[in-house]
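In this text the structure is predicted, and so the values were computed from the model without any measurement.
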Amino acid sequence: MRLVSQRQRSLVFYQSLPSYTQEWEKIALILDASPSINALAWSDLHTDRGGQPKKATGAKGMSAEQVIRFAVVKIKERLSYRDLKDRVADSICLRAFCLVDYDDVPAFTTLQENIKKIRAATWKAINAAVVQYACDQGVEDGECVRIDTTAVKTNIHHPTDSHQLWDGNRVLARILQRIEGDFERLYGAFHNHHRATKRLFYRIHNTRGEDNKKPLYKRLIAYTEKTVGYARVAREALRPERCASFEEILIAAGYVSELDRFIPLVEQVIDQSRRRVLLGEKVPANEKIVSIFEPHTDIIKKGQREIIYGHKVLLTGGRSNLITDCAIEPGNPADAVQFIPAIGRQEQQFGQCPRQVATDAGFASAANAREARDKGVENLMFACARKKDAPENNHDSKVYKRLRKWRSGIEGVISATKRAFGLDRCTWSGFESFKAYVQIAVLAFNLQTLARHLLA
């Protein structure tokens, strides 16, 4: 018989699924097995941006071990900082993993502040310690590797000239409006062209034909140049000798820092827009800026695929599907240029050069094949490489065919990091934070992969 209602069980004693709990327990054991991991994070947490040690006073704060574990949960569960706090507070399993069994979970601002303090190089070193643990457990040996590159987007909108001009205008106008509010002597000194530039942006977006857009672009560039001129006037008016008090000097310093950051970027946007749209020039990719908010963003084009605005990331994987190396370089370096350095990092990580290496045709060159042979690589496979670039291998041999099939597995690893660990788009701001985000995602992926190997 169907009941009308039933008694509510206590939520305090709710337990997670056994498989879920076992995986987190295994990840905790992996992290505990390498004491150097916590020492690396502690070093970053106890130094300022200049690398100087902080005073050992004040509140106790989060431990280095807690910061690492909260970061892993954030990436593995694909959570924002606010959701991270709520998710850990609501789970007995994650409370135990993050070492806050009966304590209050730190505020989301505290989590963000501490996680962002750990540098990309530190996350890379932590990942190396995890890979070394995998070697000690016999999960990975580094003898057979596959290498590929992918592109990770930065958190920007599609970069059209009109949109960037509007961005520059509205950001400078917003700063000038705040300056007028804080400095009475500058009130009413600047005109706000935000509404006019926004209207022009939408008209350009909805107008067809390059010839019809040019007059609109001329007006939009003219308005943006006026706003930059106002910003330069404000910059001069906020010089320390023109401030009436020490308090004004401190307030002005913050605005000057913002203006010094954005004025050159907006001027670069104006220059490239004039050259591209009005003069019809082809501006080289290394001279372009695609976002005033993330100016480090590179233009990545791989073959006939869509253009990606972000950074190229090189990943090296082993037999166990662990990512044994991750490198992020500025610009858009050719794959072939990164091949030998990647082999060198494998040699440094494992103490010996890999015996078998499989890559795609982008890494192929006669010089790379020759140098890899000299380093000790016995079997080298460049998939679909030209004959003059490929090593002297028997393409009908079982080893070559096996490596060619096995190489494609790196595509699955890349797909998993993008779908499940957030490597499709980096939501952190700045190039150093971008590198840290990628390294944390690689670490979370490796911890999950290694934990499942050990549980199998």
Rounded to the nearest 0.5 Å, what separation is found between the CG atom of Leu216 and the CD1 atom of Ile221? 11.0 Å
Within the distance-only criterion (no hydrogens, no angle test), does the side chain of Thr324 pair as donor or acceptor with the backbone N or O of Thr316 below 3.5 angstrom? yes
Using side-chain heavy atoms (C-beta onward) and a distance below 4.5 Å, is Phe70 in contact with Val105? yes
From Asp182 atom CG to Glu180 atom CD, the distance as rounded to the nearest 0.5 Å: 10.5 Å
Can you tell me if His157 has over 12 outside heavy atoms packed within less than 6.0 Å of its NE2? yes
Do NZ/NE/NH1/NH2 and the carboxylate oxygens of Lys74 and Asp83 come within less than 4.0 Å? no
Mind listing the closest non-hydrogen atom pair of Ile300 and Gly331 along with its distance? CD1-O, 3.8 Å
The single option from Arg178, Arg174, Arg235 passing salt bridge (Lys or Arg N to Asp or Glu O under 4.0 Å) against Glu258: Arg178
What is the minimum heavy-atom distance between Ile30 and Ala451, and which atoms define it? CD1-N, 3.9 Å
Could you check whether Lys435 pairs with Glu329 (Lys NZ or Arg NE/NH1/NH2 to Asp/Glu carboxylate O, under 4.0 Å)? no
Taking the side chain as every heavy atom from C-beta outward, state whether Lys226 and His193 have any atom pair closer than 4.5 Å. yes
From Ile249 atom CD1 to Leu238 atom CG, the distance as rounded to the nearest 0.5 Å: 11.0 Å
Between Trp123 and Val438, is any pair of side-chain heavy atoms under 4.5 Å apart? no
Short question: side chain of Thr227, backbone of Tyr223 - any donor-acceptor pair under 3.5 Å? yes
For a quick check under 3.5 Å, do Ser34 and Gln132 share a side-chain donor-acceptor pair by atom type? no
Give a yes or no on whether a salt bridge exists between Glu65 and Arg69, defined as a side-chain N under 4.0 angstrom from a carboxylate O. yes
Salt bridge check: are Arg119 and Asp44 linked by an N-O gap of less than 4.0 Å? yes
According to side-chain hydrogen bond (donor to acceptor under 3.5 Å, both in side chains), does anything in residues 441-456 pair up with another residue at least two apart or in another chain? List the pairs. Glu23-Arg452, Lys76-Gln448, Asn127-Asn446
Thr154/Thr297 under side-chain hydrogen bond (donor to acceptor under 3.5 Å, both in side chains): CA gap, chis, key distance, verdict: CA-CA 7 Å; Thr154 49; Thr297 302; 3.0 Å; yes
In the structure I gave you, are the side-chain heavy atoms of Val357 and Phe339 within less than 4.5 Å of one another anywhere? yes
Using side-chain heavy atoms (C-beta onward) and a distance below 4.5 Å, is Asp325 in contact with Leu315? no
Of all heavy-atom pairs between Tyr437 and Phe421, which one has the smallest distance, and what is that distance? OH-O, 4.5 Å
Is Arg319 salt-bridged to Asp141, cutoff N-O under 4.0 Å? yes
Check whether any side-chain heavy atom of His311 lies under 4.5 Å from a side-chain heavy atom of Phe431, and answer yes or no. yes
Is Thr417 reaching over with its side chain to a backbone N or O of Ile414, donor-acceptor style, under 3.5 angstrom? yes
Would a distance-only check, ignoring hydrogens and angles, find a side-chain to backbone donor-acceptor pair under 3.5 Å from Glu248 to Ala244? yes
Look at Arg82 together with Asp86 and state whether they make a salt bridge at an N to O cut-off of under 4.0 Å. no
Verify whether the ring centers belonging to His205 and His163 lie closer than 6.0 Å. no
Heavy-atom closest pair, residues Ser429 and Glu294: OG-OE2, 2.9 Å
Name of the residue among Asp148, Ile147, Thr149, Asp360 meeting side chain to side chain contact (heavy atoms under 4.5 Å, CB included) with Ile410: Asp148
Is a side-chain N or O of Gln164 found less than 3.5 angstrom from the main chain of Ser273, in a donor-acceptor match? no
Is it the case that the side chains of Arg170 and Asn192 hold a donor-acceptor pair, with the cut-off being a distance below 3.5 Å and no angle test? no
Please say whether more than 12 non-hydrogen atoms of neighbouring residues, nucleotides or ligands are located less than 6.0 Å from CG in Asp101. yes
Side-chain (Ser415) to main-chain (Glu411) donor-acceptor, under 3.5 angstrom: no
Given side chains that start at C-beta, do those of Asp424 and Lys153 come closer than 4.5 Å, heavy atoms only? no
Assess whether atom CD of Glu247 is packed by more than 12 heavy atoms of other residues, nucleotides or ligands within 6.0 Å. no
Is NZ or CZ of Lys116 both nearer than 6.0 Å to the six-membered ring centre of Trp428 and within 45° of the ring axis? yes
Would you say Glu140's side chain and Ser320's backbone share a donor-acceptor pair under 3.5 angstrom? yes
Between Lys124 and Cys326, is there a donor-acceptor pair closer than 3.5 Å when you use the side chain of the first and the backbone of the second? yes
Measuring from Arg78:CZ to Arg419:CZ, what's the distance to the nearest 0.5 Å? 10.5 Å
Looking at CG of Asn169 and CZ of Phe201, how far apart are the two atoms once the value is rounded to the nearest 0.5 Å? 12.5 Å
When you compare the side chain of Pro333 with that of Gln338, does any pair of heavy atoms fall below 4.5 Å? yes
Identify the heavy atoms of Val283 and Gln272 that sit nearest to each other, and give their distance. CG2-O, 4.3 Å
Minimum heavy-atom separation for Arg146 and Arg407, please, with both atom names. CD-O, 4.0 Å
Is a side-chain N or O of Thr224 found less than 3.5 angstrom from the main chain of Leu220, in a donor-acceptor match? yes
Dump the intermediate steps for side-chain hydrogen bond (donor to acceptor under 3.5 Å, both in side chains) on Lys418 and Thr150, then the final yes or no. CA-CA 10 Å; Lys418 287 179 177 288; Thr150 187; 3.3 Å; yes
Would you say CD of Glu184 has more than 12 non-hydrogen atoms from neighbouring residues, nucleotides or ligands within 6.0 angstrom? no
